[in-house]
Amino acid sequence: MLLPWAFLSSLFVLGLAEPARRTYDTHDYYVLRHDPLSTTGAPLVEALQTLGVELVEQAGELKDHWLVRRLKPPGLVTRDHFDPVLSTFKMFQAQANAPLAVRSPQNQLARRITASVDYLSLQTLRRRAKRAPPPIPPPPQPSSQDVAARFGIQDPLFPKQWHLVNNDFPEHMMNVTGVWDMGFKGKGVISSLVDDGLEYESEDLSQNFDAENSFDFNDHQKLPTPKNYDDHHGTRCAGQVAAQKNNVCGVGIAYESKVAGVRILSGPISDVDEAAALNYGFQNVSIYSCSWGPPDNGQSMEGPNYLIKKAVVNGINNGRGGKGSIFVFASGNGAGHGDQCNFDGYTNSIYSITVSAVDYKGLHPYYSETCAANMIVAYSSGSGRHIVTTDKGKNACATTHGGTSAAAPNAVGVFALALQVRPDLTWRDIQHLCVETARRINPEDPDWEDAPNDKRYSYKYGFGVLDAYHYVKAAQTWKLVKPQAWYQTKAIQLNNGTYHGNTYEGGEFIVPGGVESKTLITKEMLEENNLETLEHINVKVWISHTTRGEVEVELVSPNGIRSILGGARAGDRDSTGYPGWTFMTVKHWGENPIGHWTLKVKDQNKPNSNGTFIGWNMIFWGSSIDPSKAYKFEVPLGNDDFPPTEIPARPIIVEPTSTTSKQHAKPTNHLPGDHGVAAGEKTKPAFPSSTVGSTSTTTTLAETSSPATISGTPDIGWFSDMSKLVTSQKWFFVALGAVSLFGIGVGMFFLWRRRMAQTRATDYAPLDDENGHSMTALGTSVSGPRTTRELYDAFGEVSDDDDDETTALRQPLARSGGLGFHSGFLDDDDPSTTTAGMPSTYRDEPDHQEEPSHSRLRETPRDDESSSSPPGSVDGSWEHASRE
Ligand SMILES: *[C@@H]1O[C@H](CO)[C@@H](O)[C@H](O)[C@H]1NC(C)=O
Ligand SMILES: *[C@@H]1O[C@H](CO)[C@@H](O)[C@H](O)[C@H]1NC(C)=O
Ligand SMILES: *[C@@H]1O[C@H](CO)[C@@H](O)[C@H](O)[C@H]1NC(C)=O
Ligand SMILES: *[C@@H]1O[C@H](CO)[C@@H](O)[C@H](O)[C@H]1NC(C)=O
């Protein structure tokens, strides 16, 4: 039965070594190694016979290795662990190793066999994971050609609308076609483009234009005609939302929805008109698309003032039949200037959905602003591509639209689709769905940090990119959230710090390493305030500083989740500090807020500038425990004094709101000319130090235990908290005496100061608690001295600049800017007018152009500054600040 050795050898010589068919079902296969040169060993044929196997062939290309086999015993299933071949071989090995004295013939055979066969192994079948082909890719994304055919889209520029169908990077697009497949194209939903007009005569928009809800607040006419040569921005944004499916340009994300135009950006506008614009048609309009805001120059810190806040909250409380208007704001294009969206009171409002940009490769475009108020990102210009949309004119198309201005309307389009599916979604449901469905991109980007509930958050991307398909899918089954509730902490005062009439006094000096202050949130506080789950957090701060841009503010939750609220801004030389500025963070969404919250305030420890941390408070916003006890927030009256003062019994509005007018900067004002071509990135954290621990041994700790836990007189609170450290009041007084008399040490000194600060905080707490008015929900309106503020109000941006000379000079220029600032590189429409190239050139130019008056005050220190400490450089980090 076995082939003779000679015959076998001749087979190999003849090259007939094609692998034989295997019959694993009838045979067991083994591989053995046989040493042909062994002088004492058995030849192969003998070894095989002895082991009871037959030769099949050489084992592949392995010399001296043989594949052998043995017929499986028929019907033998029970003894599956017994293998006669292996057992025999093992037995031979054992016998061969027995002492030489044993000279039985069996032992001699064993020695002969094992002298030549030193390896024998049973072959078992197993499955190998395939490596060569990559994991099976998701079903191929349809190309724009397929999609056009499927939906009968004949719009000539549709193939260029990569934000709808990205043929090159299919994972990077708004992902709307799946929603269109479901039959939703936005029918019945109205979005209002609050902008510079809307070309209702465009063949791409006329059918979807809603005249009834449109108005021109610049020229006080019914129709929002884009009259100025550069009034194309609103039309382009409108095209992104609702450009018709026809043969003009491309299509909108919600191409069966309607768009209204409210014109406010083409000239000066008063607060009352801006307020009216943000509520215009607010029963029938669902979404307000706002791609504008305070200057993105990295220097200003401005927000809406009382009337405008009032209008926004009115829209939230009463708009859309009480479900709340959806306000969508672009985060700003000033990242190249070191600007951050937390210095813009519109984008850091809890009522607005802040949208930043990513480009068609999914990278962070350098212009797109970062901050803890960023909710999501949507696609826009960068890495060589722009947004293709409708333009001003009868059938004109725009191919170079971009900036965060274009990211926001893409989000608006997605929300319009969702509201067709679920018109009952409230303004907070829309935000929840963003948090829940945003898709994480560039997971390796170091800017991603842990957020509650296994989420990740990035100052650049928010919770991720808005994906229309996932958003609408989730909206279909979304359970509406309970009404809003909130808890405002009492004011926490540091070292007798006060702010009255634009003057700071006292406060904790900001030492190298910074100042920390803590507040305790208890379960009882939340329950008393009907607060069940957390959404947004506001932190209102009072900080005096000679150079505001050097201040850094960071919030750390009881669970160690950190929000950088304000990073250093090299361009911000303002000396008015933070007179009650309200930051906002969404990073703690869903977190359990119980425990100690820490606010850290640092500066760059520069020799010629310094400041003091005066005080702060927080508002935790979220869902109510008992909906029947929920009530709607109203914008409080009052000023930004610290400690917060009582609301006057009869409200007195001090702001000269209705008599002034201002002009909002065009959204493209600070959009660099190369916004569409500059390469994006995904390798940098927004705040370079943000991933590094910032604990410093020099930190002074102004811990203030929660006023609610020490309910009672300030004294009780003082001692009750002290009891953690000392066991009796007497001891404490002795210690206190020892500190003051003998100077036991700096540590005790700080402890004493901390306690004192705490006492005073509780002094003020009841006032604040009863009235709860000090915190404005939309950020503080004004930060400069009142005289300056009024001047600024007279023409536009509420500014924080306290230099009257600058103010005076700025006024006429800002006015003329309404017409002239769009020349050249500022424009976002015409690459020929841009000199793409040296970023440093054009980045500085908007400031020069807009404010040629910016004198020594701004320019000189800024140049110093940018050479020594550019924004976001390691120099400006917490880490370095503490090392310096
Ligand atoms: C996009 O939508 C499709 C359905 O049309 C869905 O399967 C996919 O998960 C969505 N997201 C991405 C990134 O493709
Ligand atoms: C709102 O829509 C209703 C019907 O849908 C219409 O009767 C009403 O005139 C509209 N109002 C405004 C202000 O657009
Ligand atoms: C704070 O003010 C109180 C009185 O208002 C005063 O007694 C106390 O000495 C002050 N503390 C500090 C540290 O200035
Ligand atoms: C803070 O800076 C100001 C202005 O440079 C200076 O006059 C003052 O002495 C400084 N204070 C401290 C405590 O360093």
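Start at 1 and go down the list; that is how both ligands and their atoms are numbered.
Around ligand 1, the residues contributing at least one heavy atom under 4.0 Å from the ligand are Gln141, Asn175, Gly178, Arg439, Asp467, Tyr469, His470.
In this structure, Arg456 forms no cation-pi arrangement with Phe463, as its terminal cationic atom is not both closer than 6.0 Å to the ring centre and no more than 45° off the ring axis.
Note that CH2 of Trp478 is 9.0 Å distant from CG of Leu425, once rounded to the nearest 0.5 Å.
Each of the atoms 12 (C), 13 (C), 14 (O) of ligand 4 lies under 4.0 Å from some heavy atom of Phe509.
Thr177 meets the side-chain hydrogen bond (donor to acceptor under 3.5 Å, both in side chains) test with no other residue; sequence neighbours excluded. A search for salt bridge (charged side-chain N to carboxylate O under 4.0 Å, His left out) contacts involving Asp467 returns Arg439, not counting sequence neighbours.
For Phe613 and Trp542, the ring centers sit 6.0 Å or farther from each other.
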Output side-chain donor-acceptor pairs under 3.5 Å for residues 413-421, partner residues at least two apart or in another chain, one line each.
residue: Gln420; atom: OE1; partner: Lys185; partner atom: N; Å: 3.1
residue: Gln420; atom: OE1; partner: Gly186; partner atom: N; Å: 2.7
residue: Gln420; atom: OE1; partner: Lys187; partner atom: N; Å: 3.3

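Classification of the Phe343-Tyr578 ring pair by plane angle, with boundaries at 30° and 60°, yields tilted.
Some N or O of Asn610 is nearer than 3.5 Å to an N or O of ligand 4, by distance alone.
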